[in-house]
Each structure stands twice: as structure tokens, then as C-alpha cells.
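Side chains are part of it too, since the values below use all heavy atoms of this structure and drop only hydrogens, waters and symmetry mates.
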Amino acid sequence: MLGAALLALTMGVTTFSTGAFGQEPDPNQKIRVSIKGPKSEMASAKKNYKARWDFGTDGFTVEVNAKQYQALLKNKNLQIEKVHEVKLERVQDSTKGKSGATAITSLPSDRTPWGIEAIYNDPSITSTSGGKGIKVAVLDTGVYINHYDLVGSAEQCKDFTQATSIVNNSCTDRNGHGTHVAGTVLAHGASDGLGVYGVAPEAKLWAYKVLNDNGSGYSDDIAGAIRHAADEAVRTGSKVIISMSLGSSAKDSLISSAVDYAYSKGVLVVAAAGNSGPGVNTINYPGALPNAIAVAALENVQQNGTYRVADFSSRGSSATDGDYVIQERDIEISAPGRDILSTWYDGNYNTISGTSMATPHVSGLAAKIWSSNPTWTHTQLRAELQRRAKLYDIKGGIGATTGDDYASGFGFARVK
């Protein structure tokens, strides 16, 4: 069973020089690389290698063998980099060991989990509403779109992990993480109201599978999905929110350029802060990018409505506390991320933890607010999220004050 996960991008560890015992690299092993350089040089390279993703002036990616890789490195006019690989990272839960419980096999008795109650600021809420007209692109392990609480919500279902660039009408999730995230955004409680509810159940889902069933993949697939969502927003004239419960301690140029591209097209980008806390300056990318909203994870203290940042939640820089400006490597918003109940890939439900779980709360809230204010730009929407945020027990004190803190950003933004 998977733990609550933030998806961590890590550099591949394959080497291509002769090994310590004289072993040559496998000539058939595929290596994914990005190629960037002068337009004429890239055009020439494209004649020799089939591009997987073509990012225009930001270069293109290909899969090559070891011999081809060495040949590319000899071309001094091209910048050749290995594409980051992706794997799942577990969150350690002090009370439950590795987070991630066994999925339940019946309808949940609590149809409004504590995270939804908290973000709606209503402990007696029984259903949620909002998000009509807004599209939320969930970039993850796929989504079980026929889940009891998600059926009918998916407007797009696409796989970015296959040999071809995009496979339409395919977003199967055999992992669970993506389905869990999607449920927190827009689960609709099913037709009889007996399932779980997300923050904005009337929003439409764009389910983009960017990781395989083992929770691994490549950063160029993620970048391709980000750009595709932005292009689809323009093509359809839609207001789009990209929700990414994934990240890396290192800045990835392909994803960074893609986030900037999406933001320039009027798309709001929301991303997990990371599960590397509680140290300072542990925030991950792409959440750490200025054009992405980094979301920290809150936990409910003794179930009494007092919230604090979870120890595992990554932190930003304390040097920028109180400046009320979001810069690179800053936390922006906080949301429930400990012991979150949501939909699961087998049609049941599961409770897991992580900033991965906090992120869709904010994506859903953004959809709900935007739906009620359709003339707003994504920057106005972002400012409203900041305005609604309050600080809760960030540095030992309990209260409801505004602020800008390295652990929680502007604080906990809620429906009311």
C-alpha cells in the first residue's frame, strides 16, 4: 500500500563510462535527454532523432542509447542534459508508521472528512458545492474516473507517459495517489449523496497521467502536460487550475519553463511544498517557483479545531518572513494534509497524509472562488487566496491573525 506521497524528482544514476571492473554500458539501454541550442543545430539534431516532446526554443527531448548519447555530448553547439526521473517519496507518520492505511471496503460513515470541514470552516457540513465552469487539471498517477464519487466529472482523460506524446481517453490509475488528489478537489458524494465530497464538486476534471503505475516517470512528461493544459485553456476559452502534488529538491528547467508558460496563458498553478520538513529552506520545486502557489500541510491538534503546520511539511526561507511578497522558495498557502480521507483507485476510500493532500484542498478552493468571480484573472484569484489566509499556531501561539510565515505562508485560506 502506498504511503502518503509527495512525488520527488531525482536525477538518474545511470553512468556511461567504463565501470570499475571494465564493464561497458549496456548499448541498448534507453536514456532520455533534453537537447537545446541554436535553432539550426536543433533542426539538424531532429533529423537524426525523433523528438518525444518539442518545447520550441526551450529545446526538445528524445530517447537514445548509450552510443548515441556519447555522440550527442561531442556536439559542442548543443546543451545535452539527462531528463530527471520521478519516484514516490513516503511520509513517515509518528502515530501510524508509514502513512497510508488499508482502503476501506464500504461507504464512509463520515462523508465530510475533517479537511473539508476545516476548509469550509463548518464542523457540521454534510455536503459541498461550487466550482461550476472551472477546469482542474490533476497531474498525477492518473485517476479512476469511474469512481462512485467522481463519475461524470472527467472532461479530459489523457496519458502522457506512453511512447507517443499523448494518449487520449486513457488515464488509468493503479497507484491511488492521483485518484485521492482528484477526490479532494471535486468528489461529488455520488448521486445518492452517500460518498465523500471534495471542496468544489461542480468543477470539471482534466485527469492527466504523468506518472506510471509504480509512481515513476520523467520531468519532460510533466512539462508536456503543463503546457498542454495551458494550450487547452486557450483553445477552449476555459479557466484552468493545474494541481500538482509532486516536486523536487532541485529546480528542473523543463518544468520551470512550462510553469512560466502556463502562467503566461492565465492558468493558476498550485503545487505541493514538499514533505522534507521541518527544516528551513526545504521547499521543493515546482512549488518553490514564483509562478506557482506552494501549499504547506496542516494538522488538526487534538481534533479541537486548532491547526498547525505538520512536522513533515517543507518550509521556505525565514529571511522573507513578514515581507508579504511571494518570491522563489516561499510557502504561500496552507491547508489540511494530515490523515486525509478521499477516493481511491479501487473504487473505495483511503486515508493518507502529505503536502500532496493539502494541495488539492487549495486547488478546489481556488475553483470555488473563481467560479463565483468569473471575470477575475488568475492573478486576482491568487490575491484573494492570500487575503483569505490566516495564521494558526505557526510559532507556538494560537490565533487567527494575518501574516507571512516561512512555514505556512500567508496561512490557512478557507471558504469562509
> Would E328 and K251 satisfy salt bridge (charged side-chain N to carboxylate O under 4.0 Å, His left out), going step by step from the backbone distance to the final call?
Replying inline: CA-CA 11 Å; E328 188 161 341; K251 189 174 182 178; 3.2 Å; yes

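- Between D159 and K209, no side-chain nitrogen of the basic residue sits less than 4.0 Å from a carboxylate oxygen of the acidic one, so the salt-bridge criterion is not met.
- Here the side chain of S371 pairs no donor or acceptor atom with the backbone of A367 at under 3.5 angstrom.
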>> One pair to check against salt bridge (charged side-chain N to carboxylate O under 4.0 Å, His left out): R338 and E299. What are the steps and the verdict?
In response: CA-CA 5 Å; R338 172 80 78 181; E299 59 186 5; 3.1 Å; yes

>> Using side-chain hydrogen bond (donor to acceptor under 3.5 Å, both in side chains), reason through T355 and N275 one step at a time and then give a plain yes or no.
In response: CA-CA 6 Å; T355 57; N275 299 336; 3.0 Å; yes

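- Between W53 and F55, the angle of the ring planes stays under 30°, which puts this pair in the parallel group of the 30/60° scheme.
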Let me check something: any side-chain donor-acceptor pairs from residues 44-51 under 3.5 Å, sequence neighbours excluded? List them with distances.
{"residue": "K46", "atom": "NZ", "partner": "D54", "partner atom": "OD1", "Å": "3.4"}
{"residue": "K46", "atom": "NZ", "partner": "D54", "partner atom": "OD2", "Å": "2.8"}

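- H361 has its ring centre no less than 6.0 Å from the ring centre of Y120.
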>> Does E117 form a side-chain hydrogen bond (donor to acceptor under 3.5 Å, both in side chains) with N121? I'd like the steps, not just the answer.
In response: CA-CA 6 Å; E117 293 178 348; N121 198 18; over 6 Å; no

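- When every heavy atom of S356 is checked against every heavy atom of A272, the shortest pair comes out as N-CB, 4.2 Å.
- Listed for the N373 side chain is a donor-acceptor partner under 3.5 Å among the backbone atoms of I369.
- Counting only residues at least two apart or in different chains, ring-ring contact (aromatic ring centres under 6.0 Å, His included) contacts with residues 223-274 comprise F160-H228, Y208-H228, Y263-H378.
- At distances below 3.5 Å, at least one donor-acceptor pair connects side-chain atoms of Q68 with backbone N or O atoms of N65.
- Partner of T179 under the side-chain hydrogen bond (donor to acceptor under 3.5 Å, both in side chains) criterion, chosen from D140, T141, D173: D173.
- In this structure, A118 and Y307 approach most closely via the heavy-atom pair CB-OH, 3.5 Å.
- In this structure, a donor-acceptor pair under 3.5 Å is absent between the side chains of D149 and T343.
- Counting only N and O atoms by type, the side chains of D260 and N291 include a donor and acceptor under 3.5 Å apart.
- By the 4.0 Å N-to-carboxylate-O rule, D221 lies close enough to R52 to be salt-bridged with it.
- Applying the ring pair (Phe, Tyr, Trp, His ring centres under 6.0 Å) rule to H188 yields no partners; only residues at least two apart in sequence or on another chain are considered.
- Pairing each heavy atom of G337 with each of A297, the nearest pair is CA-CB, 3.9 Å.
- Remark: E202 does not engage K368 in a salt bridge, criterion side-chain N to carboxylate O under 4.0 Å.
- The two atoms that bring S276 and S314 nearest to each other are N-OG, 2.9 Å, heavy atoms only.
- Minimum interatomic distance between P336 and W114 (heavy atoms only, all atoms of both residues): CB-CH2, 3.6 Å.
- A salt bridge is absent between R227 and D220: the closest approach of a Lys/Arg side-chain nitrogen to an acidic carboxylate oxygen does not fall below 4.0 angstrom.
- The pair E63-R32 meets the salt-bridge criterion, since a charged nitrogen lies less than 4.0 angstrom from a carboxylate oxygen.
- Atom CD1 of I331 sits about 3.5 Å away from atom CD1 of I283, to the nearest 0.5 Å.
- The closest side-chain heavy-atom distance from L205 to V138 is below 4.5 Å.
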>> Applying side-chain hydrogen bond (donor to acceptor under 3.5 Å, both in side chains) to S363 and S243, what does each step give before you reach the verdict?
In response: CA-CA 6 Å; S363 300; S243 187; 2.8 Å; yes

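- Of the possible donor and acceptor atoms, none in the side chain of S34 sits under 3.5 Å from a partner among the backbone N and O of V83.
- Although no hydrogens or angles enter the test, the distance criterion places a donor-acceptor pair under 3.5 Å between the side chain of S248 and the main chain of A250.
- No side-chain donor from either of E232 and W206 sits under 3.5 Å from a side-chain acceptor of the other.
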